[in-house]
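Residue numbers start from 1 in every chain, and the chains themselves are labelled A, B, ... in the order their sequence lines are given, proteins ahead of strands.
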Amino acid sequence: MKRNINQLAFFCLTLALLVSCHKYPIDEDGLLITDRSECYVSNFELLGSDFRTVRTKGAEIDTVAQTIEVEVFFGTDLKNLYPQFSLITDAKLEPKIEGKVDFSDLDNPRRWTVVSGNRKVRKEYTVYVTVE
Amino acid sequence: MKSIYFNSILILCMAFMIMSCEEEEYAIPQVPSGLQNDCIKHSLGPNVVGLNMEFAYAMAIKPEEGKLTSATVEASIEGADGTFLSNKSYHTDGSGQDIGIEVGDSSRTNGNTTVVNFNRDTSAATLRYYYTIPEEARGKSVTFTFSATSSNNETISQVMGPYDIAEMDFELDLIAQDSGTAYISISDMQVYTFEEAQANPDKIDLIYLYRSLDDISFGHALVSPSADSKYLPDVLVPAGVNNHTRMVKAWNIRDRHLARLQYGEYVDDRDLLEIDFEEAADYAINMREEAGLWVETADNSYKAFIFINSTDSGSKEMTLSIKRIKVN
């Protein structure tokens, strides 16, 4: 009986070591390249220069058409907005958002590409902004 | 053999625990001989002309060695009216209240020097010094020398500072009214009526208005006179009033000097100077109580921070306070 318990413990320990030693490669941004192929935007926020939301209501995200439609308050300063994307686990966004973004050219909506965790699936999302 | 080894470890651990738990007996600190002093600065935030810098100066001597006779503060730049050294010694009671007990004559200020002479037998006291920052100190730094004397002819002193005095100005509680004093000048830090604005068109940097519109969250707004007319609905702008003022909305910046609320936040000279107005808008719609607005005047002469103390949609008015720095 005691021998069986020891063997089981040894097996579990070996398994844990094997699992913990599995290494994912790292991409040019220092992020793990994993096995996940899911690739979509789960949430979208738009903040003004005062870091408060400028949305009049929740953004409409269409993961099939790959569009995000967001209506902002009248008088929103469209040249100085901070978009925030929430992505599926392990995905990343290109280009990176590193500060304020100019959304004032409503005829030419801004586009971002979501890249899956395994870096094999890429989906371009278009953000359509309308003013109240 | 194994049990001997185990028991030895156990004994060693117990011995260590017993030794480490030994308490050192508390001893009352010994009061050093001679006159002693110490000082702290009470007031926080940038030192702005017109405001007080507050210090607490503590001094003490053993009763058998003598009594306190005087306390003196010398400022490197003469304080404005209102500068004084309190003649009360303060301590804090159990409920956190400051209790002042008079220990000397009212302070006398002569030039840079403020003195309190003790008129009661006092061995230890903490006096408060209030330095009203004068116009002459703007943009300079100020140093204070606190000193005390005792009846045994001892003197002791402590230097505090140097403290930088801000370049900025401020103005509190201007009331802007739609269809009234709706015209705001940053250069004057005043609000003007239509007629006054017409007489001083160059000075008008912002127009206040309140609108309750269907399907649009407009509310209280501060708008540049030159802004698109859709941001100035039904506003008759006085002739010649056309400054292009740039502004950036802010939130959660409840500057303590302007807001006088419980938050320990301050807008300093550097904050005003570092705001980038390159792509800034010329209007701020839907402004709320406790919101803020960074502003740059059309001629780049001034940068300012406006804090909205309150708004009243019924009377269509806004109470605002301004901090402002001259740039050019």
Heavy atoms of B/Ser217 and A/Glu132 approach each other most closely as N-OE1, 3.2 Å
If you look at every heavy atom in A/Gly75 and B/Tyr283, which pair is closest and at what distance?
->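 Taking every non-hydrogen atom into account, O-CE1, 2.8 Å.
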Give, for atom [atom1] of [X] and atom [atom2] of [Y], the distance between the pair rounded to the nearest 0.5 Å.
X        : Y        : atom1 : atom2 : value
B/Asp276 : A/Ser49  : CG    : OG    : 11.5 Å
B/Glu278 : A/Lys100 : CD    : NZ    : 9.5 Å
B/Glu279 : A/Asp102 : CD    : CG    : 6.5 Å
A/Thr56  : B/Ile216 : OG1   : CD1   : 11.5 Å

Got a sec: does the NZ of A/Lys120 have more than 12 other heavy atoms crowding it under 6.0 Å?
-> no
Should the heavy atoms of other residues, nucleotides or ligands under 6.0 Å from CG of A/Asp29 be counted, would the total exceed 12?
-> yes
Which answer fits [X], side chain, backbone, both or neither, if we ask what part of it has an atom under 4.5 Å from a heavy atom of chain B?
X       : value
A/Asn80 : side chain
A/Phe73 : side chain
A/Thr76 : backbone

Side chain, backbone, both or neither: which part of B/Ala280 has a heavy atom under 4.5 Å from chain A?
-> backbone
Do the side chains of A/Phe74 and B/Tyr231 get nearer than 4.5 Å, heavy atoms only?
->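 Contact flag for B/Tyr231/A/Phe74 side chains = yes.
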